[in-house]
Structures are given as C-alpha cells and as structure tokens.
There are 2 protein chains.
Amino acid sequence: MSERLHLNLFTMSSVEHVTVGSWRYPGDQSQRYRDREYWTEVARTAERGGFDAVFFADVRGIYDVYGDSADPALERAVQTPSNDPAYVVPAMAEVTDDLGFAVTKSTSYNHPYQLAREFSTLDHLTDGRVAFNIVTSYLESAAANLGLEERIDHDERYDRAEEFMEVCYALWEDSWADGAVERDATAGRFTDPAKVQQIGHEGTYFDVPGPHGCEPSPQRTPVLYQAGSSDRGREFAAKHAEAVFLSQPSESAITDYITDLESRLADHGRDPDSVAFFPGLVPIVGETEELAAEKYESYVDAIDTEGVLTLLSGFVDMDLSTLDPDQRIEHIETEAIQGVVNAFTTNDDREWTVREVAEFAGLGTTSPVVVGTPEEVADTIESWYRDLGVDGVNVKEVVRPGTLEDFVDLVVPELRERGVLEPLTGETLRERTCGQRGLPAGHPGHNDER
Amino acid sequence: MSERLHLNLFTMSSVEHVTVGSWRYPGDQSQRYRDREYWTEVARTAERGGFDAVFFADVRGIYDVYGDSADPALERAVQTPSNDPAYVVPAMAEVTDDLGFAVTKSTSYNHPYQLAREFSTLDHLTDGRVAFNIVTSYLESAAANLGLEERIDHDERYDRAEEFMEVCYALWEDSWADGAVERDATAGRFTDPAKVQQIGHEGTYFDVPGPHGCEPSPQRTPVLYQAGSSDRGREFAAKHAEAVFLSQPSESAITDYITDLESRLADHGRDPDSVAFFPGLVPIVGETEELAAEKYESYVDAIDTEGVLTLLSGFVDMDLSTLDPDQRIEHIETEAIQGVVNAFTTNDDREWTVREVAEFAGLGTTSPVVVGTPEEVADTIESWYRDLGVDGVNVKEVVRPGTLEDFVDLVVPELRERGVLEPLTGETLRERTCGQRGLPAGHPGHNDER
C-alpha cells in the first residue's frame, strides 16, 4: 500500500468513453473532446484535485460487431469519432506543473522504433510526466485498416507485445549511457559516440539495430501502465507494469485480482509493493443523499442501452443484437455470454437479462458506482485504500463536465481532511506515483550498468 | 504572386538543423530543443513577427554515410539527437492565436490510416492551423530500424507517396460528408451513419476500407507542403503541393525552379497562382553594415566543416570523407560529386574544393545568405517578392536564439513600413497562406460533391 492515496482520471479523446448516452445529458460538453481548451480545463481541474495523472484510453477501428454494422457506433458515438490522445498532452502540460499523462498506444499497430521516439519526445516535453498504457488491439476493423489480413490472435498479440517492449527497453535504457551527452562546446563534442550503442535487436517481429535517435529523457522509460485481465494479460502485467488499472466490478473481485497479481509478481521476482493498483470507480456525489440519488437517477435515464450493447459486443467480439434483450442470460445457450456476465456484472447469484446487463454496464462498464454524499464516497475510497490494499482509484466519468468537478470540489477536500490524500512529492511522474526515479531492480527494463 | 509577403520559420526539433556547428556559438541554446518552453518562446516570437507558420523539418535515422559511421553525426550533433516534431505543436498553439505549424512526416515509414488520424487530431487541436510537409525518406539507417530490408528506391518511394496521398484524401475529404455530425440529443443521433462512407481503397501498398475514425477538422486536409527537387519530386509537388519550399542557392536558380514548376502545374491543370513559393533565406542582420559583417564572420567561424560534410554525405548518399578536402572538385572523377556542386553551391563558373563547398553550405546548406542592415535585408526580400514572383521566404536559422529574434525585431518592422508585410487574414492556415478554405478545384484531393 502506498503512503498516500493516488488518483487518476480515466478519460478518452472521444464523445463517449464508458458511459454511452451521456453526451445527451443536459449541459454535457463531451463533443468538445476535439478542442484544446476542453483538455486544458480538465488538466487544471485534475491538478487542483491532486491527481497523479489523466489517463487516456484509446481504441483503433470502429465497434462494428453489434448488428454486423458500423452504423450503431456512429449514430450513438460509441468511442467514435475519436482523436489521437497523445497530441493534447503537451498543451495540458503547458497549463500545469505536476500533473502526469498516461497515453494508450497499441503494440499491435505501432513500430517500437517509432513509438520509443514518441514517448521520449513526450517525456522531454513534459519534464518527465508521461506514462505509457500498453495495450494490444482487439477490433477486426482496426486490423483491416492498418494493413493486416486479419486481427492477430490474442496470444500472438502478447508475443508481439513482449518483443515490442524488449526493443523499447533497449532503446530507452541501454542505447545511450548516462553522461553520453556532453555538450562540450570547447571540444566540439555534443555527444560522446563511445557512450551510444547500437541495440542490435533481431527478433521474430522486429529487427532494430538502433541506436535510439533521442537523448535520454527525464524518466527514460515512461511509467508503464497495464490493464491485463486474461491469464496472458495478467502475466504480461506481472512482468512489465508499474501501475495496474483494474476493471473489476465489485470489492471482492478487486481483492481477488490484486491477490492474484501479487502472487504473479512474486513469481516474476518482483516486489509486489512496487506496483500501484488503481481500480476504476464511478463517483456520483451530491451535497446530500437525496441530491446524489437524484443525480444518479438522471444519469441512469441518459444511458443508451443499445449503445452500451454496441460497446460490449466489441469488447467480447459477439453480436449481442442477436439476443432477445429481455431474455434471462442463463437461458441462452452460448458459452460466450457467460463471459459477458462475468465481466460486466457483479457476478453474484442474481439472474440477469441482456438489457439488465447493459443497464448495469451503462455507467462505467465494469467498475463500482458509488452514490452518496462526499463523506460516503470518501468512506468507500478510504476503505478501499486502507482495507483492500489499493494504491489509488481511477475515476471514471459519467458526464463531462460534472463528474470530475464534483469529485474535486466535494470529495477531494474530504479526503484531504482525513489525511488520505497528501500532496504528491517528487520531480517526475514515476517518483510521484511509484516513489522512485527509474525502473526498479527486478523489472525487465532495469539497467544498473549504465 | 500573393497580395502580401508570407513568412515561415524553418526549424527542426534537434540540436542542429542546417548550420552545423552553431550549437557551439556563445549563448546558443539549441540544446533546449527538448524543452516545451523553448518552443513556446519561438511560437510567441514568430507570431509577433507576423509569420504564417513554423515549419518543422524532420529526418529518421542517423547520417552514417560519412566515414561509414554514425560517430561523426553523434559527436557533432548532425540532426541527431532529434525529437518527434509534431508533439510540441499543441503547446505552441496554446500560447498563440494565429500561428500555423507545418509538420514533416514521411510517407515511406508511416501508414496513411494512422497519419490521417494524427493530422485530423492536430487540425482540431489547433483550430485549423496545421500543414503537412510531405517527404519520402532517404537514409538507409531509418529503413533498417523501421523494418525494411533496405531503403525503398527513389522512384518507388514516390509511387508509394502517390498512393499514400490518395488514401489520405479519401479519408479527409470523402469519408465524412458535410453535416454528418448532427449532435441531435433529442433524436439520440450524434452522427448520421448515412453520411459516413467507407473509402474501399485497395491498392499496391495499402488496403484501407475506412471509414475515417475522426470527424472532419476545420481544414479537413492540412495545408500541403512539399519540397521536391528531383524530376519525380517536382512532378509530385506539381500535383499535390499548395506551398512549395525551394532550396535553391541563387536568385537565378529560384527563378528557374519557379518557372519550371509553374509549367508543370499548368500541365496538371492547376492554376500556377494557387501554389505559394517559399525560397529559403538565411538573414544575418545588424543595425549597421559593420555589425552585420562582424556577425557573419563570427557565424562562419563557428561552422563545423566535418559536420557539414557528414550532413551532405547523407543528402547525396556518397561518403565525402574519402575525398581530399583541398582537392578541386572538377578533378575528382566521380559523377556524383557534380551533384554536390550543383546542389550546394551557386553553381557558377567558380572552381570549388570540397572544403569550400562545405564552408559555403555551412550556413543554411543551400539557401542564399543575406548579410546587411535591416534595410538591405528587406531590399532583398522585397525584390524577391516583387521581381522573382516568390510568395514568401522560409527563414533559416543560424543561431538559436538570435536569427529569428534579429529578423523579427529589425527586418519585420522595415517590411511592415514598406507595406510588404500586411497582417494575415482568415480563420485557418489555408485561408491565411493560400486565400481559400478548402483544397482548390483542380487539386486531386478536391471534393465538390459533399
């Protein structure tokens, strides 16, 4: 457990992220995802609230599994249209001092020599405030547009991701020694070539001789985020992640996940305390219980059930439009549907209809929704922090603006008063979130010979 | 000829751009290329000087042709290390209102579905202030690191670039009709799917079904910059470019280039006046002739001749370290060396040694160096504008800070007083530089059926 609670804002450079339909909510400004000014406001608010970072989800392709058509995703703005999340980061850095930025990039459709340069650049421009959320890509429509015959299958995606990270570590950590950049104007030597080495990577997916084209950035390797949920994904997280984003729908599921991942971390020879766990949480807060409940009801009314099913169909690669929405799921003779229930409900003894799953997943898809006064929401967060062993929470938004502002104005003061949310210390995002300057010993990217 | 003079700053997110050695000049801060604050200062200065845009060059790979080694490029900071130029743009947009940003990206090592999203994002975030400088890549070391067996040969690079642009135009101009985004909260329809179409591109290099994942940005297609110099490159520019950057070493060469390209434009059925010509110019200005001459001498003293030869060797793909620096070039029995003379000298009757070519190319590589008082430099620019038919100049820097600041503080007031440099008008970069909102009729990306 960390010495203080950490906070991330989980968002996306698109109209809808995980609460499909909310763009129709009165006053919602999600359509401003295109505007720089929207994001600089978010940055200022998150920094005022003591957040570690704004965490940008991303997806390539369109959710076209539901009804075998891209139309529902377009009509209902299901993570479409979306912009590249990385570009707004330097503008957000310009209006803040300490806020970090976690950027999602896919190892399936990028090249490590290119991606390594992008993150080195972002880390320089933000003075060491950037994180890389490592994902593999699952939508067939992205593969088709990016030149692959078909989507890479799940396990091979992780094989490629492993090699991808190996190349990145070599470029970020090994290629340029400490002190390689001398800037010795008298000698006329900017860089000492003897301290820059090729990486000579020859692998299954990539051949990258190197050297890295960028000089070392403040963090060298960006802070590494991951959110593995499958067995292979959890193994990947146990090997590479410094911060893990959990999408678990209940407190018991959060505990199970953390226990499982800590055991895997130990198997990889890593200190389980060296990884920060951030479960998602949807805070719906009002000055009184009644106001919070009213807010909750109005948010539920805005849920676009068909839009949610469009999103879930893409997540599980199964066309949920073929099911009767009012049918109980245990009566549906498809194994895959049980995966939907496991992933998107509280997974208890309740019997769910398809529609009920969509309604339940409609606010934040997979994370607990906490409705109440500032004290009640703070109670939940404090108990997660003190009792469940979480290091922080990943705040998921329902309305924009609204969810973040309510949280910062109402819940953050309460968390500060309780001494749970202390000021962050350290010069870089890794120092502030993970308490150290570089990748720790035991991490596969760690280099103690530079 | 344009109704007013246009100005671009030609720069690079690296220590050295086209004046190798200048990082050693007293007070030079080129090593701050990594810092956001360096670029926001540049942006404010350029906007104060009435510039259309800051134009970022870029190169992938390392200049390792000279001496068959990467060491000289590293030691002398020959465009290495360098950062990705695109990321600083939103921070520079944050501190300016009207300044544009031309970003170099290679069609050789990017994918059009990905690049189209990047420029749509930048165009949204800058409110329509972005340009795409289309290049193909020439360094073998970039090909090796980005997964190609070997560099694509010159003509095939342009074949690929042609198809690349075809895909981009379809995504930017055709995929989303005007009015596709309805944002109709009552009807629950964000986008009308009937107004978003697949592009169905199946080609030699790319299969891209579409649709574009971004909604139309203010300019849709970014302003298109190009700098073709070979025959094939000029043909490409004549077909696609809206602004052409000329690297010609003398006034007569500038005239010849413009005449040639205007003829090619006519062959492509395009209005020659619809393309803006920007020759490079290295202004070295002092309050008096003596001060300007002193400045010039001190800059010449800082030139790193071996560094310049490292750069030129990469440009022409020929190891110039194998030549005796003091040998006259006409006595060297290699055809390629004549290309060096043509490209990097005034190409007159003078007999050049290798060293003299390097010294001549040492300030800005290929562009006229104009040394003098503000009036004298303004005279040259005014005569280029009035007599040569240029639309603007691409200001090349010798020292950073220094060249830009001198130009803005000393030459710009003179140009304004003469009525040559009028305020820019229009909402987007294309309106300000090209006088129109969208791609003009006759351009291959133009779509008048949306």
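The figures here come from the full heavy-atom set of this structure, side chains too, leaving out hydrogens, waters and symmetry mates. Quick caveat: nothing in here was measured; it's all calculated off a predicted structure. So you know, we letter chains A, B, ... as the sequences are listed, proteins then strands, and number each from 1.
Here B:V15 is the residue among B:D192, B:V15, B:T80 with the most heavy-atom pairs under 4.5 Å with chain A. Top candidate by heavy-atom pairs under 4.5 Å with chain B, chosen from A:G213, A:A77, A:S82, is A:S82. Listed options A:R76, A:R183, A:E182, A:Q198 were ranked by heavy-atom pairs under 4.5 angstrom with chain B; first place goes to A:R183. The choice from A:P211, A:A70, A:A93, A:S120 that makes the most heavy-atom pairs within less than 4.5 Å of chain B is A:A93. The candidate from A:D123, A:T40, A:D35 with the greatest count of non-hydrogen atom pairs under 4.5 Å with chain B is A:T40. In terms of non-hydrogen atom pairs under 4.5 Å with chain B, the most contact-rich of A:H111, A:R117, A:E94, A:Q114 is A:R117.
To the nearest 0.5 Å, atoms OG1 (B:T191) and CD (A:E75) are separated by 9.0 Å. Distance check, rounded to the nearest 0.5 Å: CG of B:D84 to CZ of A:F119 gives 11.5 Å.
Inspection of the A:S217 and B:R34 side chains reveals no N or O donor paired with an N or O acceptor under 3.5 Å.
Of the atoms belonging to B:V88, heavy atoms from both backbone and side chain fall under 4.5 Å from chain A. Only the side chain of B:I62 comes within contact range of chain A, with heavy atoms under 4.5 Å apart. In this structure, no portion of A:P26 lies under 4.5 Å from any heavy atom of chain B. Contact annotation for B:V95: only side-chain heavy atoms (C-beta onward) come within less than 4.5 Å of a heavy atom of chain A. With a threshold of 4.5 angstrom between heavy atoms, B:A187 does not approach chain A through any atom at all. At a 4.5 Å heavy-atom cutoff, the contact between B:V59 and chain A is made by backbone atoms alone. Interface remark: A:L122 contributes side-chain atoms only to the contact with chain B (heavy atom separation under 4.5 Å). Looking at B:T126, the atoms closer than 4.5 Å to chain A (heavy atoms on both sides) all sit in the backbone: N, CA, C or O. Only the backbone of A:D184 comes within contact range of chain B, with heavy atoms under 4.5 Å apart. For B:E37, the part lying near chain A is the side chain, with the backbone staying farther off; criterion is any non-hydrogen pair under 4.5 Å. Of the atoms belonging to A:D71, heavy atoms from both backbone and side chain fall under 4.5 Å from chain B.
Looking only at distances, a side-chain donor or acceptor of B:R36 sits under 3.5 Å from a matching main-chain atom of A:L125. With hydrogens and angles disregarded, a donor-acceptor distance shorter than 3.5 Å links the side chain of A:N145 to the backbone of B:G210.
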Practice item. Begin with the C-alpha distance, continue with both residues' side-chain angles, and end with the deciding distance and a verdict on side chain to side chain donor-acceptor pair (under 3.5 Å) for B:R24 and A:T186. Key: CA-CA 8 Å; B:R24 306 172 306 177; A:T186 311; over 6 Å; no
**Study point:** Residue pair B:F190, A:Q31: steps toward the side-chain contact (heavy atoms from CB on, under 4.5 Å) verdict
**Key:** CA-CA 9 Å; B:F190 189 85; A:Q31 82 281 359; 3.9 Å; yes
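A:E118 is listed as a side-chain neighbour of B:Y87, based on a closest heavy-atom distance under 4.5 Å. Side-chain contact check for B:P81 versus A:W176: some heavy-atom pair is nearer than 4.5 Å.
Here the closest non-hydrogen pair linking A:P209 and B:A144 is CD-O, 3.6 Å. Taking every heavy atom of both residues into account, B:A91 and A:P90 meet most closely at CB-O, 3.6 Å. A:R60 and B:Y113 make their closest contact through NH2-CE2, 3.1 Å (heavy atoms, listed as atom of the first residue, atom of the second, distance). Between B:N83 and A:H124, the closest heavy-atom pair is ND2-CD2, 3.5 Å.
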